[in-house]
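This one's a predicted model, so the numbers in the text were calculated from it and none came from an experiment. Letters A, B, ... mirror the listed sequences (proteins, then strands); counts begin at 1.
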Number of protein chains: 2
Amino acid sequence: MLKLTKKVDYALLAMHFMGHQDMDQVSTIRDISENYQIPMEILAKVLQKLSKKGLLQSHHAPKGGYTLKRPIREISILEVINAVEGPIGILSCSEGQDKVCQQIENCDIRSPLERIQGKILWLLENMSLEELSQAVPTTGGVIHGSFDLLGQPRYH
Amino acid sequence: MLKLTKKVDYALLAMHFMGHQDMDQVSTIRDISENYQIPMEILAKVLQKLSKKGLLQSHHAPKGGYTLKRPIREISILEVINAVEGPIGILSCSEGQDKVCQQIENCDIRSPLERIQGKILWLLENMSLEELSQAVPTTGGVIHGSFDLLGQPRYH
DNA sequence: TGATAACAGACCAAAATGGTCTGCGATTAC
DNA sequence: GTAATCGCAGACCATTTTGGTCTGTTATCA
């Protein structure tokens, strides 16, 4: 229920891993899977998807591996999710066009839920992988009068 | 992936249904399931959970059924979700305490993801069931200089 | 006291998810 | 040129989650 999949977790970890190396340094599946204890085969598939979607550059050869195609600050969480799981929809009726939702004609709550969904997507789209590296500030340091998108105070 | 379950859909629809009747008018499972084409048995369980959590008042007797315990404007989407599915966590490692996440010790992305989760919960907590009834404005009518929590314009 | 409503839980089927296995294709160091 | 090292591809399977069914019980009231 409203949960990210393991594959997304793995993708985020892998991207994060590569983001903390030189742009031109290759990382192999083995490197990453050993670092995070992720099964190699499944990580392989995840990285394949990421490279198909243009987030990674693959280089198959000895001494090959993957590199980032863009710096992590230019890649959003949403892009990663979309790459490995396809477009997301929180509505249970938003999946296949073939199957028809039984409730659709009487469903008066659809459009408001879509608004919520839009906001969630907005959140994910506007958080970059770079921010995944930033620890959350613990004490003090608020910037007076400055608030983020959810009305929470910004920190120095 | 990041999707609401049918049970939550059913719960929201049922609450919405009851919200548009007099507070003291009872609705039966049959009423609601017929209105939305929802299987009776499963709707029954959903409503049971809602009444156990104190969102509904049940009255079992002939001419009995369910009534809302509070007006819908005082009930958040999050409350409904929590009632039927339990507390939500977008992290795939946030489930059971018994199972240990393989990546936990090297997981450097946990706390940022928890921030995202917090924001999503905030969204769901701050949208009431009443808002589920409000259609989204289509054209014009923006209030100049007024924006909602996501920086989107407010409407008249 | 029996009809009508909710309550309870075992049970099952389908789908999503996480993971394994097996083999192929590309590149390059030697 | 060829063998080692890397990614690519897809069939396959086990587990978990989800959606739904079935059977029977309990409470209330006309």
_Whether the side chain of A/Lys3 and the base of D/dT17 hold a donor-acceptor pair under 3.5 Å is what I'd like checked._
no
*Evaluate the side-chain proximity of B/Met15 to B/Leu56: yes if any heavy-atom separation is below 4.5 Å, no if none is.*
yes
_Please determine whether the number of non-hydrogen atoms from other residues, nucleotides or ligands lying under 6.0 Å from atom CZ of A/Arg70 exceeds 12._
yes
*For A/Ile29, answer base if it contacts any base atom (sugar-phosphate contacts may also be present), sugar-phosphate if it contacts only those atoms, and nothing otherwise; contact means non-hydrogen atoms under 4.0 Å.*
sugar-phosphate
*Expressed in angstrom and rounded to an integer, what is the separation of A/Leu47 atom CG from D/dC6 atom C1'?*
13 Å
*Between A/Ala61 and A/Leu2, which is nearer to the 5' end of DNA chain D once each is assigned its nearest nucleotide?*
A/Ala61
_Position toward the 5' end of DNA chain D (nearest nucleotide), B/Leu4 or A/Lys45_ = A/Lys45
_Distance, rounded to the nearest Å, where B/Met40 contributes CE and C/dC7 contributes P_ = 12 Å
*asked:* Rounded to whole Å, please give me the gap between CE in A/Met1 and C1' in D/dG19.
replied: 15 Å
*Of all the nucleotides listed (C/dG18, D/dT18, D/dG7), which has the minimum atom distance to the side chain of B/Thr5?*
D/dT18
*asked:* Please confirm whether the shortest side-chain N or O distance from B/Lys52 to OP1 or OP2 of C/dA8 is below 4.0 Å.
replied: yes
*asked:* Please tell me if B/Lys7 has a side-chain N or O lying less than 4.0 Å from either OP1 or OP2 of D/dT17.
replied: no
*asked:* Measure NE2/A/His59 against P/C/dT28 and give the value in whole Å, please.
replied: 5 Å
_A/Ser58 side-chain N/O to D/dC8 phosphate OP1/OP2 under 4.0 Å_ = yes
*Whole angstrom value for the distance that separates P of C/dA6 from CG of B/Leu50*: 13 Å
*Rounded distance in Å - CG (A/Leu43) to P (C/dG19)*: 11 Å
_Spacing of B/Tyr66 atom OH relative to C/dT4 atom C1', expressed in whole Å_ = 14 Å
_Side-chain N or O of A/Tyr10 closer than 4.0 Å to phosphate OP1/OP2 of C/dG19_ = yes
*Under 4.0 angstrom, heavy atoms only, what part of the nucleic acid is B/Lys49 near: base, sugar-phosphate, or nothing?*
nothing
_Output the rounded distance in Å from CD (B/Gln57) to C1' (D/dA27)._
13 Å
*At what distance, to the nearest 0.5 angstrom, does CG of A/Leu113 lie from CG of B/Leu4?*
6.5 Å
*Between C/dG19, C/dA5, D/dC8, which nucleotide has the shortest distance from any of its atoms to the side chain of B/His60?*
C/dA5
*Looking only at side chains, do B/Gln57 and B/Ser51 share a donor and an acceptor under 3.5 Å apart?*
no
*More 5' along DNA chain C: A/Ile42 or A/Pro62, using each one's nearest nucleotide?*
A/Ile42
*For the residue pair A/Gln21 and A/Ser27, confirm or rule out a side-chain donor-acceptor distance under 3.5 Å.*
yes
